[in-house]
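Since the structure comes first, as structure tokens, the remarks are kept for the end.
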Amino acid sequence: MIAIGCDHGGINIKNAVIDYLKENGIEYNDFGCYTTDSVDYPEYAYKVAKCVADGNAELGIICCGTGIGVSMAANKVKGIRAAVCTDEFCAEMTRRHNNANIMCMGGRVIDEAKAVKLASIFLNTPFEGGRHDKRVNMITDIENGNFNI
Ligand code: RB5
């Protein structure tokens with residue numbers, strides 16, 4: 001299950017990604033927003049992040065104007081590793097190396113076709129583990145106040 005959400009600045013690319021999910025029979029939970037009326041992005045970022053952090057979705061996608069605001073908000077939720085992606089390389093590497101569990105994109109930065117491409121890469125790329133495991137665990141240690149250097 002994929003958790004997905006957006007604000008008014010990201011609704012165009014979110015809808016394109018939802019079409020892709022439907023076409024590919026991928027289950028999703030759309031946390032809104034559902035119109036282009038102006039809304040506050042932290043609300044939607046939080047709903048998606050909470051769903052992923054609680055284990056109710058495997059991965060999440062959140063869209064706003066730049067992808068930045070929703071990533072900042074999502075990363076405040078314990079257990080979330082949200083990455084803003086604007087190109088294919090980053091969408092792949094943030095799964096392979098960072099084990100990102102949420103990808104954030106900007107509807108004022110990339111078009112619908114690019115958003116769908118990045119979503120398909122993000123959702124289909126596994127975490128490599130190995131040496132990256134230790135580094136991702138260090139991020140968790142920082143989050144838990146257990147990082148000792
Ligand atoms: C909304 O105008 C805009 O600020 C928002 O979509 C996002 O880009 C924030 O980071």
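Just so you know, ligand 1 is whichever comes first in the structure, and atom 1 is the first atom listed for that ligand. Nothing fancy with the numbering, it's 1 onward along the sequence.
At distances below 3.5 Å, at least one donor-acceptor pair connects side-chain atoms of Asp87 with backbone N or O atoms of Cys90. A donor-acceptor pair is defined here as one N or O able to donate and one able to accept, closer than 3.5 Å; such a pair exists between the side chain of Asn75 and the backbone of Ala82. Here the side chain of Glu143 pairs a donor or acceptor atom with the backbone of Gly79 at under 3.5 angstrom.
Under the 3.5 Å distance criterion, with hydrogens and angles disregarded, a donor-acceptor pair is assigned to the side chains of Asn144 and Lys78.
Looking at atom 10 (O) of ligand 1, its nearest protein heavy atom turns out to be Gly69 N, 2.9 Å. Summary of contacts: the protein heavy atom closest to atom 9 (C) of ligand 1 is Tyr41 CE2, 3.5 Å. Of all protein heavy atoms, the one lying nearest to atom 7 (C) of ligand 1 is Cys64 SG, 3.3 Å. Distance from atom 1 (C) of ligand 1 to its nearest protein heavy atom, with residue and atom name: His8 NE2, 3.5 Å.
Of all the atoms in ligand 1, the ones that sit under 4.0 Å from a non-hydrogen atom of Asp7 are 1 (C), 5 (C), 6 (O). Atom numbering of ligand 1 starts at 1 in the shown order; those under 4.0 Å from a heavy atom of Arg108 are 1 (C), 2 (O), 3 (C). Within ligand 1, counting atoms from 1 as listed, the ones closer than 4.0 Å to a heavy atom of Gly65 are 5 (C), 6 (O), 7 (C), 8 (O).
Within the 4.0 Å cut-off (strictly below), no protein heavy atom is located near atom 4 (O) of ligand 1.
Environment of CE in Met72: sparse, with no more than 12 heavy atoms of neighbouring residues, nucleotides or ligands closer than 6.0 Å.
Of all heavy-atom pairs spanning Thr125 and Arg96, the tightest one is CG2-CG, 3.6 Å. Minimum heavy-atom separation, Asp7 to Cys33: C-SG, 3.4 Å.
Between Gly9 and ligand 1, not a single N/O pair is under 3.5 Å apart.
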